[in-house]
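The structure appears right after this line, and notes come after that.
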2 protein chains.
Amino acid sequence: MSYKCRGNRLKTQLDPAREFSQQIAQSIRDAIIAGDLPVDGRLPSEAELAQRFEVSRPTVREALKRLAAQNLIRTQRGASGGAFVNRLNYAQAHEHMVTTATLLLTMNAVDYETAAEARFALERACLPLACARRTPSHLASLRAEVARQAVEGLSDEDFCASDVAFHRALVDAAGNPVLSWHMAGAVDAMQPLMNMITFTARSRARIVVLHGALIDAVEAGKLKPACAAFDALTTYSMQLGGEIRLQRRGSAAP
Amino acid sequence: MSYKCRGNRLKTQLDPAREFSQQIAQSIRDAIIAGDLPVDGRLPSEAELAQRFEVSRPTVREALKRLAAQNLIRTQRGASGGAFVNRLNYAQAHEHMVTTATLLLTMNAVDYETAAEARFALERACLPLACARRTPSHLASLRAEVARQAVEGLSDEDFCASDVAFHRALVDAAGNPVLSWHMAGAVDAMQPLMNMITFTARSRARIVVLHGALIDAVEAGKLKPACAAFDALTTYSMQLGGEIRLQRRGSAAP
DNA sequence: AGATCTTATATGTCAGACATATCAGCAGTT
DNA sequence: AACTGCTGATATGTCTGACATATAAGATCT
């Protein structure tokens, strides 16, 4: 009924029809999720795993690399080394989320409207919490980014980066790490995509003003004005997306 | 400026201090993201990659397994086989998201309040779109799940599963696949966790009523009542979480 | 022309070996 | 007594070469 329904040991019976390394990785993954292998616990050595599963060491290693790719384990060389169960921290999960989200968007050629709609809908959901919990530290981060965005000679890349930092800070102001993690895919992965599409057309001054209004509302802790400011930002972004599409339609692709 | 800023070839210069397989995987991953390796395109054979990177074939294989673990490539045996760039589809990304979210929650012992707060905040953000776009098909799915939940003899597991299906259908009703993907981590991964914590205490009848009211509002396309119904569900769930915590505090852990 | 056999190619797996990082313990010196 | 440096044990990282097996394409036979 709980997590610890331990069969306690790894399933070492392998189906010869499927890849061994895949099955071994699954077996170990299941054990980790079930809690049979505690966080920071050490897995048996590669040699011992090879014995248990009755495969060679390279095969075991391929399985371990699969798990390492998911940040489920880390390895250390040396005498007391080995493979250790990783505590999946937010930073790793964040990075992972961004990679997956980026791939999902680019490989499926998701159109701007769909991506932006999802992003703004999700980010808007953070506003109530942000208004209620924003700390002076959060507000300082937000204002710092807006100040940077107002500088004249800023490159497009730096402006985009600052924009991402601004939105991330806004999400973090909600004070919920799980929420921040969920939003990583929307902000860090989508925002650059949106910037790439829109940064040629947009007016930085207008964005700075909209950002400023948003901060003021959040600082005052007033939800309605915050939503209004955010919706204005949304509307402008969507409008830019539409203009870009029209331009693209007019001119042939390079 | 666009994705295809191709340096066209893989970085084959490796740093001897770090693991080769990790660097090779990163190099190929970068090439995929940059669009140098098109979807469904074939990678060079393992032997050729080994030559290019000046490493042995097992090392190349470890790198490929890392990519396979992320669903970035698939492999085929045989004459015209090899490793092919995978189009990351929503189903795979969905599965991936659920795994990561589950691990993140369990391994960090995220408390119910934090997880639930994030989940409800995000799901609430889907309501406006759901009210605007829900199709008869969506509504039918929603009603079917509620009907199942009202059956007397339903097991706890089945009730939980139906609950998840209900919320997933609600999110899908927003008609935005990117949004649905983002919500997978919240609904599919968090909901079972929440159920596990709350299903001993909750009143099924009350939940069925709340679900029904929510569907009615969504069907009518009226956002305010939908939000009200959803907030009632949120409040009830949070309240249950509080009760459980009190019970737990009273009795020693098994 | 169609069915079957052969061959080439690529991945999947294995065995054994060496290189290297790291820790623990012991020796020697200060 | 405390610090230093050596040494061995252990485990991962990597290499070499080989065999097994799946698959497609060409060659052969009916």
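A note on names: the letters A, B, ... follow the listed sequences, proteins ahead of strands, and every chain is numbered from 1.
Rounding to whole angstrom units, CZ of residue B/F53 and C1' of D/dC15 are separated by 17 Å. Taking atom CZ on A/R42 and atom C1' on C/dT22, their separation rounds to 13 Å, with Å as the unit. At whole-Å resolution of the value, CD in B/Q51 and P in D/dC15 are 13 Å apart. Distance, A/R74 CZ to D/dT12 P: 14 Å, rounded to whole Å. Protein atom CD of A/Q76 is 12 Å distant from nucleotide atom P of C/dA24, rounded to whole Å. We find that CZ of B/F20 is positioned 6 Å from P of D/dT14, with the value rounded to whole Å. For B/E46 and D/dT16, the CD to P distance is 15 Å, given to the nearest whole Å. Between A/Q22 atom CD and C/dT11 atom P there is a gap of 18 Å when expressed in whole angstrom units.
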**Asked** Which is it for B/H138 and B/S141 under the side-chain hydrogen bond (donor to acceptor under 3.5 Å, both in side chains) test, yes or no, and what are the steps along the way?
**Response** CA-CA 5 Å; B/H138 291 135; B/S141 299; over 6 Å; no
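Between A/R61 and D/dT12 there is no side-chain polar atom (N or O) within less than 4.0 angstrom of OP1 or OP2. Look at A/T59 and you'll find a side-chain N or O under 4.0 angstrom from OP1 or OP2 of C/dC14. An OP1 or OP2 oxygen of C/dA10 is reached within less than 4.0 angstrom by no side-chain nitrogen or oxygen of B/S80. Using a 4.0 Å cut-off, some side-chain N or O of A/T75 falls inside it from OP1 or OP2 of D/dG13.
Judged by distance alone, with hydrogens and angles left aside, the side-chain atoms of A/S27 form no donor-acceptor pair with the main-chain N or O of A/Q23 at under 3.5 Å. With B/N176 contributing its side chain and A/T114 its backbone, the two residues share a donor-acceptor pair below 3.5 Å.
A salt bridge does not link A/K65 to A/E62: none of the charged nitrogens lies less than 4.0 Å from a carboxylate oxygen. A/R133 has a carboxylate O that lies under 4.0 Å from a charged side-chain N of B/E117, or vice versa, which qualifies the two as a salt bridge.
Nearest nucleotide to the B/E19 side chain, out of D/dA11, D/dT14, C/dT11: D/dT14. Nearest to the side-chain atoms of B/S56 among the listed nucleotides C/dT13, C/dA19, D/dC15 stands D/dC15. Checking D/dA9, D/dG13, D/dC15 against the side-chain heavy atoms of A/A79 singles out D/dA9 as nearest. The listed nucleotides are C/dT13, D/dT14, D/dC15; the one nearest the side chain of B/R57 is C/dT13.
Within 3.5 Å, no donor on the side chain of B/R77 pairs with an acceptor on the base of D/dT23, nor the reverse.
Position along DNA chain D of the nearest nucleotide to A/P58 versus A/G78 favours A/G78 as the more 5'-ward residue.
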